[in-house]
Amino acid sequence: MKTHTIVLLVQDRPGVLSRVAGLVRRRGYNIQSLAVGHSEQPGVSRMTIVVESEDVEQVVKQLYRLIEVIKVSDVTDDPTVEREMVVLKLNASSSSRHEIVSMCGVFDAKIVDVGASTMIVEMTGTPAKVENFIEVVRPYGIRELMRTGRIAMVRGARGQFATEYVEHAGGNGVPVPASK
Amino acid sequence: MSETRTGAQIMCEALIREGVEVMFGIPGGAIMPFYYAMWEYRDRLRHVLCRHEQGAGHAAEGYARSTGRLGVCIGTSGPGVTNLVTPIADAMMDSTPLLAICGQVGSHVLGKDAFQETDITGITMPITKHNYLVKDVNDLAYVFKEAIHIATTGRPGPVLIDITKDAMQKSTVPNWDQKLNLPGYKPTYVPNRRQVREAVKLLLSAQKPLIIAGNGVIMSGAVEELRHFAETLRIPVITTLHGIGSFPESHPLSLGMPGMHGWVHCNRAIQECDVLFNIGGRFDDRVTGKASTFAPNAKVIHVDIDPSEIGKNVKVTVPIVGDARLTLQALLEELPPREELAEFHSYASDWLEHIRDLQEKHQGKQQYINRANTAHWALPPHDVYEKLNRTLAARGNYRVVTDVGQHQMWAAQLIDWNAGPRTHITSGGAGTMGFAVPASLGVAIAHPNDTIWAIVGDGGFQMTNQEMATIVQEKIKNIKIAVINNGYLGMVRQWQELFENKRYSGTPLSGPDFARLAEAYGWKGLTVEHSDQVQAAIDEAHATDGPVLIDFRVEREVNVFPMVPQNKSIAEMIITEADA
């Protein structure tokens, strides 16, 4: 099954995250990752979901049925900047510490905590680069690993602008009364 | 206007402002403040006390489906609202505008497993169009406005509002003028003109065109437009279960119902047609059979107000997102002048003739009735329908509510549906047994001058028959119940007979004497055991000024035919007992 990256703009109301997650689950699609946070517009959040699906068009249409979902973009085939962050707690004895520090240099990772026998390392990059980094440091011993999930932004002037949608607030479909 | 109101008063006024006149519900601890306030508004807001919340929900659905207006049901927190779950799911499947108002425990104990606390917004998330938990009295006026807007516009559906007890008790000055803030909810009513032109082009290229009309035609009020459109192009029309009433069956272009228990000629026409125009139907699996084999020769035009329905089950050549009525109007505007349609008309008339030949050759309505009536059964179910059908047609002013199962399919097949939209009310998508009796209550309240016939099996009847007491308490006289009593969960038994070697596991069903039960509720109860008694019982029901139940003790093991076995192509029909 193909993996798709979908970016959503949603109204920031209670329960919207569980609505999105619940919908993707019950329609039979598998979420690989989901990242959510505020957008450039107050009251509007942006989510990036990575799903496995044969029929992404159905996922997109079903997401649009949610009242709080403002915009859905499948950016899988668009040129995008994709980023993910990993935070790792590694075994770091005095003998391996030096090696880990130089490996972090190669991957542009940051050492954010040093303990007696462990180090916490933070690294940001494309999902592939994150994967690569994890494999490289695995031999030292990973005590804990956390990933944020993928976020994606379309390159160039094109994009999904939250401010546009808020201007339309209140501009709902005009109901057409049924004739007798 | 800008006076202080309690939350509960705001709820009542919000409902009145939106035109609500009737509500169906049951009070309980958490919803008591709403009932306290309701008393002040009782001359404008009628409350019908049901015997079970499921009954309240179905009654609200019956009201909504028979009028096109919002149906409102009420339950208290915990078991009250979990009992509403079935009608909410039913309303979701059949696109019914329903508002469920639920009491919730006080906000200070929310999330602490308080007495009768249930996370009903969590439970109903997948089965509502939208839902709300209101904890602040200041949100009530806006939330009711938004909720009712969502329930009644676009593709209608159920919306639930869960309100904490303290939000109903606290007071505020309501702001009725807040603008709706729904940037993500903009239903498309007006179809795209380019798509409309594409549709016309494709339709006119057809030699074997076919229309399938669904619930959307009825909900958008497009019955006249559909007739005009079909007549202008002379295209035959198939009506789905929920499309019944959208096109009169007496019309020369009407073919009847397709699908699992549809007529052979309808399913054959679908398999042979070259352009299939579906307006307001959703290609449910009971219509399509095995979807990959459905209409193999057809290019499909699909009109639906919900974009997610298009391309979901069947591949579509020309999708049109829009309101059925506005789309038909646009299509009519784009049609070429009549003189350019001559060639198309000649193809269409050959095609219709061909379908009529198929109809003659295969089991049609009359053959089906005749075969049953000559089977030496004391009371063939078909006989009940045949006599009821004739009587209703002669009397007029009727609506029929059916439950789910064999009796439902017989009603869809054997009654001549010519009484217009919203005269056939049933549970389609969800297939909810127990729907008919309470739904008929809602229909009867909305249409006091019509006779409402609830046709129900003995299985479904025994699920919700306590609403007979509600009907008496509300002094409703225009409901007649026909129990098609065969002592089985008949449709399951039919499948067991046909596909499971007659292993009647869990299907034989006993019951009380339904006529005496009806009498105990204060109804008139009649029992019919032989064909000779059918007409007299129906006549007596009509002559009685009050609710009447007739227990039709029909032949026990009769099957609904024709039938397409589940997951089979609609080309593979079991047409009569002999094919089974």
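Reckoned from all heavy atoms, side chains included, excluding hydrogens, waters and symmetry mates. Sequence lines set the chain letters: A, B, ... in the order given, protein chains first and strands last, and positions in each chain run from 1.
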Atom [atom1] in [X], atom [atom2] in [Y]: separation rounded to 0.5 Å?
X: B:I310; Y: A:K61; atom1: CD1; atom2: NZ; value: 6.0 Å
X: B:I127; Y: A:R26; atom1: CD1; atom2: CZ; value: 9.5 Å
X: A:E68; Y: B:L182; atom1: CD; atom2: CG; value: 9.0 Å
X: A:Q58; Y: B:K312; atom1: CD; atom2: NZ; value: 6.5 Å
X: A:R65; Y: B:E309; atom1: CZ; atom2: CD; value: 6.0 Å

>> Quick one, A:Q11 with B:N181, criterion side chain to side chain contact (heavy atoms under 4.5 Å, CB included). Give me CA distance, side-chain angles, the key distance, then yes/no.
In response: CA-CA 10 Å; A:Q11 274 183 297; B:N181 176 25; 3.6 Å; yes
> Considering only heavy atoms, which portion of B:Q178 lies under 4.5 Å from any heavy atom of chain A: side chain, backbone, both, or neither?
Replying inline: neither
>> Can you tell me which portion of B:L133 sits under 4.5 Å from chain A's heavy atoms? Options are side chain, backbone, both or neither.
In response: neither
>> Give the interface residues of residues 78-88 of chain A toward chain B, defined by a heavy-atom separation under 4.5 Å.
In response: none
> Checking A:I67 against chain B: side chain, backbone, both or neither under 4.5 Å from a heavy atom?
Replying inline: both
>> Taking the basic N atoms (NZ, or NE/NH1/NH2) and the acidic carboxylate oxygens, is any pair closer than 4.0 Å for A:E57 and B:K315?
In response: no
> What residue pairs, at least two apart or across chains, pass ring pair (Phe, Tyr, Trp, His ring centres under 6.0 Å) with a residue in residues 79-113 of chain A?
Replying inline: A:F107-A:F133
> Hey, which of B:S308, B:G184, B:P307, B:G122 has the most heavy atom pairs under 4.5 Å with chain A?
Replying inline: B:S308
> Quick one: do the B:N131 and A:R19 side chains pair a donor with an acceptor below 3.5 Å?
Replying inline: yes
